[in-house]
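The chains referred to below are lettered A, B, ... by the order of the sequence lines, with proteins before strands, and numbering in each begins at 1. Here the structure is a predicted model, which is why all the values come from computation and not from measurement. Computed over heavy atoms, backbone and side chain alike; hydrogens, waters and symmetry mates excluded.
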Amino acid sequence: KAGVTQTPRYLIKTRGQQVTLSCSPISGHRSVSWYQQTPGQGLQFLFEYFSETQRNKGNFPGRFSGRQFSNSRSEMNVSTLELGDSALYLCASLRGGQQYFGPGTRLTVL
Amino acid sequence: EDKVVQSPLSLVVHEGDTVTLNCSYEVTNFRSLLWYKQEKKAPTFLFMLTSSGIEKKSGRLSSILDKKELFSILNITATQTGDSAIYLCAVQETYSGAGSYQLTFGKGTKLSVIP
């Protein structure tokens, strides 16, 4: 069974731009979560989707948004990028209480 | 204030040593505690613990949960250089109604195993 896939794997943007990251969960998994990982803050929860509905949201500004499609694929968007948004963005596919992480998208904001 | 605290933050051991990693937590509606290993990119799942006192084992790794004292330990015996990684502890809480599986992570323990 293929794992969680995330695209792109690496991204470089400049301040003020916006970015869209994509995540495809493991086949048959309907729940997707997003996390931001930085050296200072560690892994922090962004949001969780189940059957196209946002089930929970972390403590991030409104510049961070997401959605889930009917095929369970999910996207997250960050608008008006700031230097502090540079991070590894991880997507996780959930089943049976266990979360399986994708390889992440490394975002660098210059 | 951090809800999940791991210690030590970093650890250097020699191959063959046994290590114990600690994770304490303070959450309102505990559902489960999970351990992950992160080498390069994606954290890989190790254990999920929901009940106190029941040890979970996988090869040289084992983990146990104490829900009364609110902590868990991860043991690695006969360490190898391939065990070098960041070990992450995370707690899932029960959110009434929403059914969310949000994980709250500790900062991790960086383990370095030298030959």
Side-chain angles (χ1 to χ4, degrees), chain A residues 1-11 21 23-26 29-51 53-60 66 68 87-107, chain B residues 1-10 21 23-25 27-51 54 56 58 63 65 85-110:
Chain A
K1 206 179 233 188
V4 179
T5 57
Q6 291 187 245
T7 57
R9 295 291 307 278
Y10 302 91
L11 207 48
L21 312 181
C23 169
S24 292
I26 295 169
H29 291 197
R30 293 163 62 192
S31 178
V32 170
S33 294
W34 288 90
Y35 294 82
Q36 181 196 64
Q37 187 174 30
T38 59
Q41 298 298 320
L43 269 150
Q44 292 185 290
F45 173 75
L46 280 158
F47 18 68
E48 178 183 339
Y49 288 90
F50 178 77
S51 293
T53 301
Q54 187 178 87
R55 192 151 66 171
N56 197 4
K57 188 177 192 303
N59 190 23
F60 278 82
Q68 186 180 33
L88 179 66
Y89 290 87
L90 290 161
C91 165
S93 173
L94 170 70
R95 188 150 197 167
Q98 293 182 20
Q99 302 204 19
Y100 301 88
F101 285 86
T105 294
R106 171 73 63 185
L107 172 65
Chain B
E1 189 174 314
D2 290 346
K3 287 184 172 183
V4 181
V5 178
Q6 293 187 245
S7 64
L9 291 180
S10 67
L21 310 183
C23 175
S24 63
Y25 62 92
V27 299
T28 307
N29 301 301
F30 176 86
R31 172 188 269 159
S32 60
L33 185 145
L34 294 88
W35 285 96
Y36 288 86
K37 177 183 181 182
Q38 187 174 28
E39 293 177 85
K40 299 288 186 189
K41 288 281 164 58
T44 53
F45 173 80
L46 294 174
F47 299 111
M48 182 167 76
L49 304 159
T50 56
S51 302
I54 299 174
K56 295 237 176 161
S58 177
S63 183
L65 173 68
I86 296 173
Y87 290 84
L88 296 163
C89 170
V91 171
Q92 275 185 354
E93 294 182 71
T94 301
Y95 295 92
S96 61
S100 172
Y101 286 85
Q102 172 185 341
L103 289 174
T104 301
F105 281 87
K107 295 284 197 297
T109 293
K110 183 177 181 180

Requested in this report: Taking all heavy atoms of P43(B) and all of F101(A), pick out the closest pair and write down the distance.
Outcome: O-CB, 3.6 Å
Query - Residue selection (most heavy-atom pairs with chain B, distance under 4.5 Å) from V4(A), L43(A), T53(A) - result: L43(A)
Report task. Nearest 0.5 Å please: distance from the CD atom of Q99(A) over to the CD atom of Q92(B). Result -> 6.0 Å
Report task. Answer with side chain, backbone, both or neither: which region of Y35(A) has an atom nearer than 4.5 Å to a non-hydrogen atom of chain B? Result -> side chain
Query raised in the report: With no hydrogens and no angle check, is any side-chain donor or acceptor of E48(A) less than 3.5 Å from a backbone partner on Y101(B)?
Result: yes
Report summary line: The interface call for I86(B) against chain A, heavy-atom contacts under 4.5 Å, is neither
Query raised in the report: Where is the tightest heavy-atom contact between A42(B) and G102(A), given as atom of each residue plus distance?
Result: CB-O, 2.9 Å
Report task. Please state whether the side chain, the backbone, both or neither of L103(B) comes within less than 4.5 Å of a heavy atom of chain A. Result -> both
Query raised in the report: Non-hydrogen atoms of chain B under 4.5 Å away: do they reach the side chain of L90(A), the backbone, both or neither?
Result: side chain
Query - Proximity breakdown for Q44(A) and chain B, heavy-atom pairs closer than 4.5 Å - result: neither
Query raised in the report: Using the ring of each side chain (for Trp, its six-membered ring), is F45(B) parallel, tilted or perpendicular to Y100(A), with breaks at 30° and 60°?
Result: tilted
**Report entry** Heavy atoms from other residues, nucleotides or ligands near NZ of K57(A) exceed 12 (cutoff 6.0 Å)
**Finding:** yes
